[in-house]
Colleague: 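Quick one: the structure is below, questions incoming.
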Amino acid sequence: MDPLKTAATLDVKKQASSLLEEFKAFAFKGNVIDLAIGVIIGAAFGKIVSSLVQDIIMPLVALLLPGDKGYEGWLFTVHGATIPFGKFIGEVVNFLIVALVLFIFVVKFLGWVMRTKKEEAAAIPPLTKDQELLTEIRDMLRSGGAPAQST
């Protein structure tokens with residue numbers, strides 16, 4: 001048995017184990033898991049908004065626009081190649097509506113929620129009984145007076 005080969009093998013195993021431990025520490029941090037949940041919820045929310053745009057808003061827009069299929073029927077031909085620019089316009093409108101909904105939800109609504117929480121946290125909580133007594137003692141010591149004796 002070659003001692004150098006054995007030491008090298010142990011060192012590689014130790015490094016691999018260390019790398020695995022570091023990965024576990026990283027992957028199971030609360031922030032990473034929260035991020036993964038946020039991405040999944042964001043994807044689901046994006047599908048809902050896309051469905052709203054494609055299935056409700058854009059068909060209503062198509063009713064207002066001229067043509068067989070509304071905006072989807074808009075196309076032009078260049079040297080025999082058909083370019084469906086109406087579909088592109090539909091995707092641009094889809095993007096703008098999704099961006100608007102996300103802006104309203106993420107920036108405005110969540111900003112309002114965060115401001116409300118910050119204001120609640122900034123409010124001074126009422127003093128506890130211990131704190132009230134300590135405040136009275138401090139005030140008496142500052143004034144140099146003795147407390148009134150109650151009988």
Side-chain angles (χ1 to χ4, degrees), residues 1-65 67 69-74 84-151:
M1 243 183 153
D2 186 10
L4 291 177
K5 205 181 246 187
T6 305
T9 303
L10 289 175
D11 191 42
V12 168
K13 287 181 182 178
K14 186 176 180 181
Q15 287 177 347
S17 175
S18 173
L19 181 66
L20 182 63
E21 293 300 319
E22 287 179 39
F23 176 73
K24 282 182 187 177
F26 168 76
F28 294 112
K29 276 187 192 176
N31 295 344
V32 175
I33 293 171
D34 291 344
L35 178 63
I37 291 170
V39 167
I40 292 168
I41 290 174
F45 184 71
K47 287 181 180 181
I48 291 170
V49 173
S50 292
S51 176
L52 169 73
V53 170
Q54 290 175 352
D55 299 333
I56 296 174
I57 294 173
M58 293 311 283
L60 292 174
V61 170
L63 290 174
L64 301 173
L65 299 175
K69 301 176 186 174
Y71 67 92
E72 285 187 15
W74 294 356
F85 72 93
K87 288 184 179 182
F88 174 74
I89 291 173
E91 290 301 322
V92 169
V93 171
N94 184 8
F95 168 77
L96 292 174
I97 293 172
V98 169
L100 176 68
V101 168
L102 289 175
F103 173 76
I104 290 170
F105 180 74
V106 172
V107 175
K108 295 299 180 183
F109 178 70
L110 292 180
W112 174 75
V113 169
M114 295 303 289
R115 276 192 307 277
T116 304
K117 283 187 178 183
K118 188 181 280 186
E119 289 170 1
E120 289 174 2
I124 299 172
L127 296 177
T128 63
K129 186 69 174 168
D130 293 344
Q131 291 171 333
E132 287 178 20
L133 291 173
L134 288 170
T135 304
E136 288 178 20
I137 293 169
R138 180 199 64 204
D139 293 342
M140 282 188 273
L141 290 172
R142 281 187 183 163
S143 67
Q149 295 285 334
S150 61
T151 55

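Positions are given from 1 along the sequence. Note that this is a predicted model, so its numbers are computed, not measured.
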Colleague: Could you give the distance from NZ (Lys117) to CH2 (Trp112), rounded to the nearest 0.5 Å?
Modeller: 11.0 Å
Colleague: When rounded to the nearest 0.5 angstrom, what is the spacing between OG1 in Thr128 and CG in Leu134?
Modeller: 8.0 Å
Colleague: Measure the CD1-CD1 distance between Ile57 and Ile97 for me, rounded to the nearest 0.5 Å.
Modeller: 4.0 Å
Colleague: Counting heavy atoms not belonging to Phe85, are there more than 12 under 6.0 Å from its CZ?
Modeller: yes
Colleague: Hey, what do you get for CE (Met140) to OG1 (Thr135), rounding to the nearest 0.5 Å?
Modeller: 10.5 Å
